[in-house]
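Values reported hereafter were calculated over all heavy atoms of this structure, with side chains retained and with hydrogens, waters and symmetry mates removed. Source: prediction; values computed, not measured.
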Amino acid sequence: EVQLVQSGAEVKKPGESLKISCKGSGYSFTSYWIGWVRQMPGKGLEWMGIIYPGDSDTRYSPSFQGQVTISADKSISTAYLQWSSLKASDTAMYYCARLEIFSSGWYFWSWFDPWGQGTLVTVSS
Amino acid sequence: DIQMTQSPSSLSASVGDRVTITCRASQSISSYLNWYQQKPGKAPKLLIYAASSLQSGVPSRFSGSGSGTDFTLTISSLQPEDFATYYCQQSYSTLYITFGPGTKVDIK
């Protein structure tokens with residue numbers, strides 16, 4: 001069974017650093033992109049960025065570029081999302097998800113499946 | 001950037017109703033459109049990919065259609081477990097993804 005398991009909930013103070021994780025199993029971790037998605041309380045889904053664990057190629061949404069760092073350790077099939085200095089506005093649920101890509105000739109379709117269970121990050125003084 | 005809009009933002013419906021949700025892209029995205037369902041406190045779940053392909057295990061009452069800029073998710077006969085929020089997502093830019101704002105379906 002393909003599965004992504006995320007690290008547990010975190011409570012942090014503004015200015016603190018944080019690294020949350022997403023461990024893949026049941027598939028070749030290095031062969032699929034892993035994306036991160038933010039969901040602020042009561043709000044919709046926001047794509048943050050994506051990493052290819054095979055070579056650590058990483059792309060960021062312009063909205064999150066410079067605000068977070070996405071990384072991966074392929075030796076332990078784990079992707080990470082980290083902050084160097086948290087703000088109260090980083091309070092949210094964070095999901096990782098595997099990007100499935102289907103190609104036909106020059107065309108590529110992609111979608112997120114499966115998703116991790118989510119990691120709730122609370123930043124409060 | 002490709003912007004996605006959804007309508008309505010919320011709707012109330014009864015069990016057995018036919019429900020239609022619309023998603024519009026700010027530019028043509030061919031069939032690069034996916035639909036997800038999210039229930040409260042749960043991670044999103046893929047329903048439809050490539051505009052009209054039903055994900056394995058998803059009930060056949062769900063269907064997707066459309067191409068270009070206008071897309072539709074239809075639930076042919078709403079069931080109690082279908083009350084949730086539905087999001088569209090474009091994958092025209094394979095690695096630069098955008099979600100729609102969501103449509104909440106609740107009980108009338």
Using the ring of each side chain (for Trp, its six-membered ring), is A/W115 parallel, tilted or perpendicular to A/F112, with breaks at 30° and 60°? perpendicular
Need one label for B/Y87: side chain, backbone, both or neither, based on atoms under 4.5 Å from any heavy atom in chain A. side chain
Counting only non-hydrogen atoms closer than 4.5 Å, does B/T85 touch chain A with its backbone (N, CA, C, O), its side chain (CB onward), both, or neither? neither
Within the distance-only criterion (no hydrogens, no angle test), does the side chain of [X] pair as donor or acceptor with the backbone N or O of [Y] below 3.5 angstrom?
{"X": "A/S75", "Y": "A/D73", "answer": "no"}
{"X": "B/Y92", "Y": "B/Q27", "answer": "no"}
{"X": "A/T122", "Y": "A/V11", "answer": "no"}

Are any non-hydrogen side-chain atoms of [X] and [Y] less than 4.5 angstrom apart?
{"X": "B/D106", "Y": "B/S10", "answer": "no"}
{"X": "B/W35", "Y": "B/C23", "answer": "yes"}
{"X": "B/N34", "Y": "B/S91", "answer": "yes"}

Return the minimal non-hydrogen interatomic distance between [X] and [Y], and the atom names on each side.
{"X": "B/V58", "Y": "B/L54", "result": "O-CD2, 3.3 Å"}
{"X": "B/D17", "Y": "B/S14", "result": "OD2-N, 2.8 Å"}
{"X": "B/M4", "Y": "B/P101", "result": "O-CD, 3.6 Å"}

Give the member of B/T98, B/D1, B/I97 that has the highest number of heavy-atom pairs under 4.5 Å with chain A. B/I97
Could you check which of A/F108, A/Y60, A/W47 has the highest count of heavy-atom pairs closer than 4.5 Å to chain B? A/W47
Pick from A/P62, A/S110, A/G116, A/G44: which one has the most heavy-atom pairs with chain B under 4.5 Å? A/S110
Is it the backbone or the side chain of A/I50 that comes under 4.5 Å from a heavy atom of chain B, or both, or neither? side chain
Heavy-atom proximity to chain B below 4.5 Å, by part of A/S61: neither
How would you list, in number order, the residues of residues 17-37 of chain A that have a heavy atom less than 4.5 Å from chain B? A/W33, A/V37
Which residues in residues 82-105 of chain A have any heavy atom closer than 4.5 Å to a heavy atom of chain B? A/Y95, A/L99, A/I101
For the hydrophobic clusters of this structure (ILVMFWY residues joined by side-chain heavy atoms under 4.5 Å, transitively), does one cluster hold both B/Y86 and B/V15? yes
Just to verify, which of B/Q55, B/K45, B/Q89 counts as forming a side chain to side chain donor-acceptor pair (under 3.5 Å) with B/Y36? B/Q89
After noting the C-alpha distance and the side-chain angles of B/V105 and B/I21, does the key distance pass the side-chain contact (heavy atoms from CB on, under 4.5 Å) rule? CA-CA 10 Å; B/V105 177; B/I21 298 168; 4.1 Å; yes
